[in-house]
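Taking it in order: structure first as C-alpha cells, then the write-up.
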Amino acid sequence: MTKLFLKSAVVAVCCFAIATSAVAKPKTTPREETLKTMRRATEFMMDKVSYNGGFVWNYLPDFSRQWGEMEAKRTMVWIQPPGTPSVGHLLLDAYHCTGDEYYYEQAQRVANTLIWGQLPCGGWNYVFDFAGENSLKDWYSTVGKAGWRLEEFQHYYGNATFDDGGTMEAATFLLRMYVEKNDPTYRPALEKVINLCLESQYPSGGWPQRYPLCYDHPFQGRADYSSFITLNDDVAPGIIDFLTQCYQSLGIQNLKEPIMRAMYLMITLQQGAPYAGWADQYTVEDLKPAHARSYEPRAVNTGTTGSMIRLMMDYYKLTGDSRFLTGIPLALEFLEGQGLDAETIERAGFATKNRGPRVPGFLIAARFIDPETGEPQFVHREGSNVYNGRYFCDQNPEGTIAHYNSFTGINPKQLRDEYEQVLQLKKEDLAKNSPFLNNGLVPLKRYYTRVRVRWNEQAVAPSEENIAKIRAALNDEGYWLTPQGQTSNPYKACPDKTPSTTRDYTSTFVGDEYDTSPYSVENPVMVISVRTYIDNMMRMIQYLDASK
C-alpha cells in the first residue's frame, strides 16, 4: 500500500514536472524565430562588423581584407549603396516593421556616423576614413590611384560628390531620422545637405557631379568633367527626388522653385531629332553633350534616354504639366531606330549574354551615339594598367571593354505602351499622390529598402519555406556567409610603366598585377556581405508584414 502510494506519487511528480516544463518552454513560432534571427544578425553587424557604426560592402570573416567599390582600410566608411546609409535605411525599415526600439537605436548609431563624416559643404565623398584625412589621402595615392577602370578614385578632390547616389542616400536617411520622431538632433545636418543642394544648383537648374566646384583634374587632354551638369548615375534625378521628399514631408516652401527649375531643365536637355535622346552630362555654358571618364564619350546615351522617358512621365504625374510629355514621341522614334543588326550583335559576341528573356520589342543598341553623326561609339582599351593603358572609341563592335558595356538592352514598345497609359490619366487623379498638386504634406514611405531582384525572379513576399532557409543559413556567430565572385589585387607600386605583353587586357575587368580594380574569379571567396544582410533582412520584413 505504501509502495503503491509512493510509486503513484513519483509518477504524479514526474508528470507534473513534464507538464510544467512544457508550459515553461513552449515551442516558438516561425514569426518568433524570424524576429530572433533578425536581431541576432543585426547585433553581429552592428557590434562586430561595423566600424564606429559605419560599413563598407564586403569583409573577409577575419577582417584581414574588406571592400567597398575597391579594397578599403578597416577604418573606412563607404557611402555608395549598399554602404552605410543603406544599412541605416534598412534599420529604420526594421523598426517600422517590428516596433523594436533596438533598431531605432542602431539607426541612430549609423546617423551619428554619417554626421561625423559629413563634409563642411553638407555632402559626402564616396568614402571617409575615421583614421583621418591623411589616411584617406594615402589610400587615394595608392589603392585608388592604381584602379585602372575606376578613374573617379584616381584623384583626391576633397569635396562632396552627388555621383552614384551616395550623398542623396545619406541625405534621405537623415531626413527620415528627423521626421521619424521630430528629433532636433538631426535638423542641423539635414539643413546642411539641403543648403548644399540649393547652393550647388546652376542657374539653369542642373547640378555638377561634385561640389564645391573643382577644375584641377584634366585627364588625357580633356577638361575636368566633375563640374559638368550631370544626369548619369542619378545625379540630377536623385537630387530632385530628395528635395521633393523634403518638400512633401516638411513643407519647406522655398524648395518648390529649384525643384521645378531642375525638372524643366530636363526638357531642355533633350536633343533634337533625329537623335532626340539625352546625354549623361552637359557643358554648363551651352548645355551641349559632354564627356566624363575616358570610357564615357560625348554622346547621346540610349540607356539614359529610356530612363529619362520614364522620368518625364513621373514628372508629369507630379505636376500635371503636359510639357513633360511633349518630347517623348521623338525620343521613342530615336530609340526605335537604334536596334543593332544581327551581324553587328554576332560580331560583338558577348553583347547578347545575360540579357534576360526576349520579350516583344526588346532591342540591343549601342549605348553611346555620336550627337552629330548618329554613329555608334564602341569603347576599347589597350595597355595593362593605369600607368600605360588608355581607353578609346571607334565603330568596331568587337573586343569592347567588359566592365562598362558598349551595348544596352532597350524596349521602346514597352515604353510606348507606358506612355499611352499615362496619356489616359486624369489630372484630378494625379493630385491624390502629388505634393505639388494637393498642397498638403505627404507622409514618407514606410519602407525604403528594395530587395535586389534578378530578371528571372519575382518580387513577391517570400514563403515560409524560403524564410526558414534564410534563418537556417545564419551561422552560430550570427552572420550569413556569401560567395563573393570578385576580389582585387593588393596594392603594390609599379616599377615599370611598359605595357605587359604576356596577356591581352582589352576585355577583362582587371589589368595586370598592378591594377587594384576588382575583378571576377572562378572560385568565389566567402565573405560577410552587407548586401546579403540587407536583402535577407528585407525578405524577413516582407514575410512578417505578410503574416500579420
**Q.** CA sep, side-chain torsions, deciding dist, call: Asp129, Thr75, side-chain hydrogen bond (donor to acceptor under 3.5 Å, both in side chains)
**A.** CA-CA 6 Å; Asp129 193 336; Thr75 53; 2.6 Å; yes

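Between the side chains of Gln80 and Asp164, at least one donor-acceptor pair of N or O atoms lies under 3.5 Å. Side chain to side chain, Tyr126 and Asp163 meet the donor-acceptor criterion of an N or O pair below 3.5 Å. Ser529 and Trp57 are not linked by any side-chain donor-acceptor pair at a separation below 3.5 angstrom, with hydrogens and angles left out of the test. A donor-acceptor contact closer than 3.5 angstrom is absent between the side chains of Ser434 and Lys317. For Thr185 and Asp183, the side-chain atoms include at least one donor-acceptor pair closer than 3.5 Å. Asn125 and Thr161 are not linked by any side-chain donor-acceptor pair at a separation below 3.5 angstrom, with hydrogens and angles left out of the test. Using a 3.5 Å distance cut-off with no hydrogens or angles, the side chains of Asp545 and Tyr447 do pair a donor with an acceptor. In this model, no donor atom of one side chain and acceptor atom of the other lie less than 3.5 Å apart for Ser406 and Tyr295. Using modelled atom types, one finds no donor on one side chain facing an acceptor on the other under 3.5 Å when comparing Tyr225 with Glu296. Using modelled atom types and a 3.5 Å distance limit, the side chains of Thr482 and Thr532 yield a donor-acceptor pair. Asp62 and Ser64 form a side-chain donor-acceptor contact under 3.5 Å, judged by distance and modelled atom types alone. Side-chain polar atoms of Tyr264 and Asp321 form a donor-acceptor pair below 3.5 angstrom. A donor-acceptor contact closer than 3.5 angstrom links the side chains of Thr304 and Asp280. Judged by distance alone, the side chains of Arg187 and Asn182 never bring a donor and an acceptor atom under 3.5 Å apart.
Interatomic distance, CG of Leu92 versus OH of Tyr104, reported as 7.5 Å (0.5 Å rounding). Taking CG of Leu318 as the reference point, atom CZ of Phe324 lies at 8.5 Å (rounded to 0.5 Å). Rounded to the nearest 0.5 Å, atoms CE (Met168) and CD1 (Ile79) are 11.5 Å apart. Remark: Asn466 CG to Arg471 CZ distance equals 11.0 Å, nearest 0.5 Å. With rounding to the nearest 0.5 Å, the separation of CZ in Phe128 from CH2 in Trp78 is 12.0 Å. Rounded to the nearest 0.5 Å, atoms CD (Gln108) and CE (Met177) are 5.0 Å apart.
Lys27 and Glu32 are not joined by a salt bridge, as no carboxylate oxygen comes within less than 4.0 angstrom of a charged side-chain nitrogen. The residues Lys413 and Asp417 are annotated as salt-bridged, a charged nitrogen and a carboxylate oxygen being separated by less than 4.0 angstrom. By the 4.0 Å N-to-carboxylate-O rule, Asp100 lies close enough to Arg39 to be salt-bridged with it. In this structure, Glu33 pairs ionically with Lys36, as a charged nitrogen and a carboxylate oxygen lie closer than 4.0 Å.
The aromatic rings of Tyr448 and His89 sit parallel to each other, their planes meeting at less than 30°, with 60° as the upper class boundary. Ring-plane geometry between Tyr404 and Phe368 is classed as parallel, the angle between the planes falling under 30 degrees on a 0 to 90 degree scale with a further cut at 60.
Arg539 contributes no side-chain N or O that, together with a main-chain N or O of Ile467, makes up a donor-acceptor pair within less than 3.5 Å. Side chain of Thr302 to main chain of Ala365: no donor-acceptor pair is present (N/O by atom type, distance under 3.5 Å, no hydrogens or angles). In terms of modelled atom types and a separation under 3.5 Å, the side chain of Trp278 and the main chain of Met266 share a donor-acceptor contact. Of the possible donor and acceptor atoms, one in the side chain of Asn411 sits under 3.5 Å from a partner among the backbone N and O of Pro360. Between the side chain of Trp480 and the backbone N or O of Ile470 there is at least one donor-acceptor pair closer than 3.5 Å. In this structure, the side chain of Ser50 engages the main chain of Met46 through a donor-acceptor pair within 3.5 Å. Judged purely by atom type and a 3.5 angstrom limit, Gln201 has no side-chain atom pairing as donor or acceptor with the backbone of Gly206. Side-chain atoms of Gln245 do not come within 3.5 Å of backbone N or O of Leu444 as any donor-acceptor pair. Within the 3.5 Å criterion, the main-chain N or O of Asn405 finds a donor-acceptor partner in the side chain of Arg367.
Not counting sequence neighbours, the partners of Asp47 by the side-chain hydrogen bond (donor to acceptor under 3.5 Å, both in side chains) test are Arg109.
Between Tyr156 and Tyr140, the gap from one ring centroid to the other is short of 6.0 Å. Ring centroids of Tyr95 and Tyr103 are separated by 6.0 Å or more, keeping the two rings apart. Aromatic ring centres of Phe436 and Tyr247 lie closer together than 6.0 Å. Centroid-to-centroid, the aromatic rings of Trp139 and Phe153 come within less than 6.0 Å.
The side chain to side chain donor-acceptor pair (under 3.5 Å) test with Asn58 is passed by exactly one of Glu71, Arg65, Gln484, Gln66: Gln484.
Pro208 and Val235 make their closest contact through O-CG1, 3.8 Å (heavy atoms, listed as atom of the first residue, atom of the second, distance).
A cation-pi arrangement is not found for Arg149 relative to Phe509, the charged atom failing to lie both closer than 6.0 Å to the ring centre and inside a 45° cone about the ring normal.
For residues 171-182, the pairs satisfying salt bridge (charged side-chain N to carboxylate O under 4.0 Å, His left out) are Asp93-Arg176, Glu101-Lys181, with sequence neighbours left out.
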